[in-house]
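A note on names: the letters A, B, ... follow the listed sequences, proteins ahead of strands, and every chain is numbered from 1.
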2 protein chains.
Amino acid sequence: MVWYAGAMRSYGQFCSVARALDVIGDRWNLLIVRELMLRGQCRYTDLRAGLPGIATNLLADRLRELEQAGVVERRDAPPPIATTVFELTERGRKLEPVIRELGRWGIELMPDTDPRLAFRSYWLEFPVGLYLTDRRPDAPPITIEVRVGEDPMVIETVDGEVRSHPGSVADPDVVLGGPAPALLGLVTGKLSLAGARNRGLRVEGDLEALGRVLPDPVAS
Amino acid sequence: MVWYAGAMRSYGQFCSVARALDVIGDRWNLLIVRELMLRGQCRYTDLRAGLPGIATNLLADRLRELEQAGVVERRDAPPPIATTVFELTERGRKLEPVIRELGRWGIELMPDTDPRLAFRSYWLEFPVGLYLTDRRPDAPPITIEVRVGEDPMVIETVDGEVRSHPGSVADPDVVLGGPAPALLGLVTGKLSLAGARNRGLRVEGDLEALGRVLPDPVAS
DNA sequence: CGGCATCCTCTTTGATACTG
DNA sequence: CAGTATCAAAGAGGATGCCG
């Protein structure tokens, strides 16, 4: 069967914004890029797990289109693994500012609470990178383990920067748990520590280490 | 008739990138924002003119959704004008970084030539702001008139910055004309002045003034 | 005119089932 | 695991009509 890979509907405008949207403006496309950006190499099944609700044929279509547009690369992993992995190309990685600005803009639209929404812990990496800063870069580094959603995540101070990534850590300075909206409110400064606890946040460990990276809260 | 304003399909994810796309991810939405950002207040008909190909019912639907989401504001202009105008709200204006990063990313995907694409001269304002700089901010200001597409546009140096806006100017230092791809190539540095002329660019006036704001070309 | 609403057709999406 | 096949529902595109 031949069908010329989607033909890629275009706005037909000589404008770089419109051209960008020709390529990554279709539904799901930027979320596929988000997944690959946050998790690196992904298998087809990993992507499905991070994109709840996507139809499997749509994911296959989109990956083909993004590959053709030079945003995504497909590689057949070597023998021991024997599976296909997808990852961003250089062009795809250049979408990071777009995704980050979208995420920044979307923060104000986040619901205070809605238990029906899907959640993956690594989605918190964007707000963590945007809102947390190390106020005492010369002090010894700290680590915070976040237990929200399925998999744990680590926040750590490295050379004055605050990084985060999936995974666990031995003997963290702080352990955070509870519902995602409470944690997000704490990270963005929309909730104070007390306010976040009211919303179900659980905090164990060194509160001073936590305060070192949190922004000043603007509300309760 | 009741129809609950589009119900606004959602990805259903607790992620600010997904939330942003819930609101401005639908087809045409970001281009509507682009139009309002570049042109300010617009009438319905102005928007249609800047969005060739949009179905009229879709534009009406989208404007209602964007209004409901607090991105766009509708105002009935006072008696003498007696028409409705649309403009961005504060939240809408905050989309500027998103649009700018999209435009930056899309530059590399622009075709070298394609006469079938629609074009409006004010669409050049994004690349102008991204690529042109005043290399001699202390020298007297200069003005460049661009005659590409239907309406003229002015580029001028103001306090060391390069600004652009629709309109004309008396006695400009340089007048540029010709096909849009040639002008874009010149602005982004993908074409030298000679290369742009080969592609149909017309230049009249003070070449030195022009060189003062252009980037170093990276190719011919 | 300016600002839509309706009607119709075509394409895209979503849900589910099935396959090498 | 990495998709393809199928089908119903929703959305997009185009033409036209309506009303102040």
Candidates C/dT13, D/dG14, C/dG3 - which lies nearest the side chain of B/A55: D/dG14
Stepwise salt bridge (Lys or Arg N to Asp or Glu O under 4.0 Å) check, B/K94 with A/E108: CA-CA 11 Å; B/K94 284 190 185 154; A/E108 296 187 19; 3.5 Å; yes
Under 3.5 Å donor-acceptor pair, B/N57 side-chain atoms to D/dG14 base atoms: yes
Length of the line joining A/I54:CD1 and C/dG14:C1', which is rounded to integer Å: 10 Å
Side-chain donor/acceptor contact of A/T56 with base of D/dG3 under 3.5 Å: yes
Interatomic distance where CG belongs to A/D22 and P belongs to D/dA12 [whole Å]: 16 Å
Separation of C/dC7 P from B/D61 CG (nearest whole Å): 15 Å
Separation of D/dT4 C1' from A/R48 CZ (nearest whole Å): 12 Å
Atom pair distance, as rounded to whole Å: CG in B/L51 and P in D/dG14: 13 Å
Most 5' of B/W28 and A/T84 on DNA chain D, judged by nearest nucleotide: A/T84
Integer-rounded Å distance: C/dT12 P and B/D26 CG: 15 Å
Proximal nucleotide (of C/dC4, C/dG2, D/dG3) relative to the B/T45 side chain: C/dG2
Spacing between B/L59 atom CG and C/dG3 atom C1', to the nearest angstrom: 10 Å
side-chain N/O B/R27 vs C/dT12 OP1/OP2, d < 4.0 Å: no
5′-ward residue of the pair A/D46/B/L58 relative to DNA chain D: A/D46
A/R43, nearest nucleotide to its side chain (from D/dG13, D/dC1, C/dA15): D/dC1
Passing option when A/I32 is tested against A/L63, A/V71, A/L58 for side chain to side chain contact (heavy atoms under 4.5 Å, CB included): A/L63
Cation-pi, A/Y11 ring and B/R27 (6.0 angstrom, 45 degrees): yes
Distance, rounded to the nearest Å, where A/D76 contributes CG and D/dC1 contributes P: 16 Å
A/E73 and A/R75: CA distance, side-chain angles, deciding distance, salt bridge (Lys or Arg N to Asp or Glu O under 4.0 Å) verdict: CA-CA 7 Å; A/E73 204 168 6; A/R75 285 190 314 153; 5.8 Å; no
Distance test, side-chain N/O of B/R62 to OP1/OP2 of D/dA12, below 4.0 Å: yes
Closest nucleotide among D/dA12, D/dG3, C/dC4 to the B/Y44 side chain: C/dC4
Side-chain donor-acceptor contact under 3.5 Å, A/S121 with A/E150: no
Sugar-phosphate, base or nothing in reach of B/A60, heavy atoms under 4.0 Å: sugar-phosphate
Candidate nucleotides C/dA5, D/dT4, C/dC4, ranked by approach to the side chain of A/R64 - the nearest: D/dT4
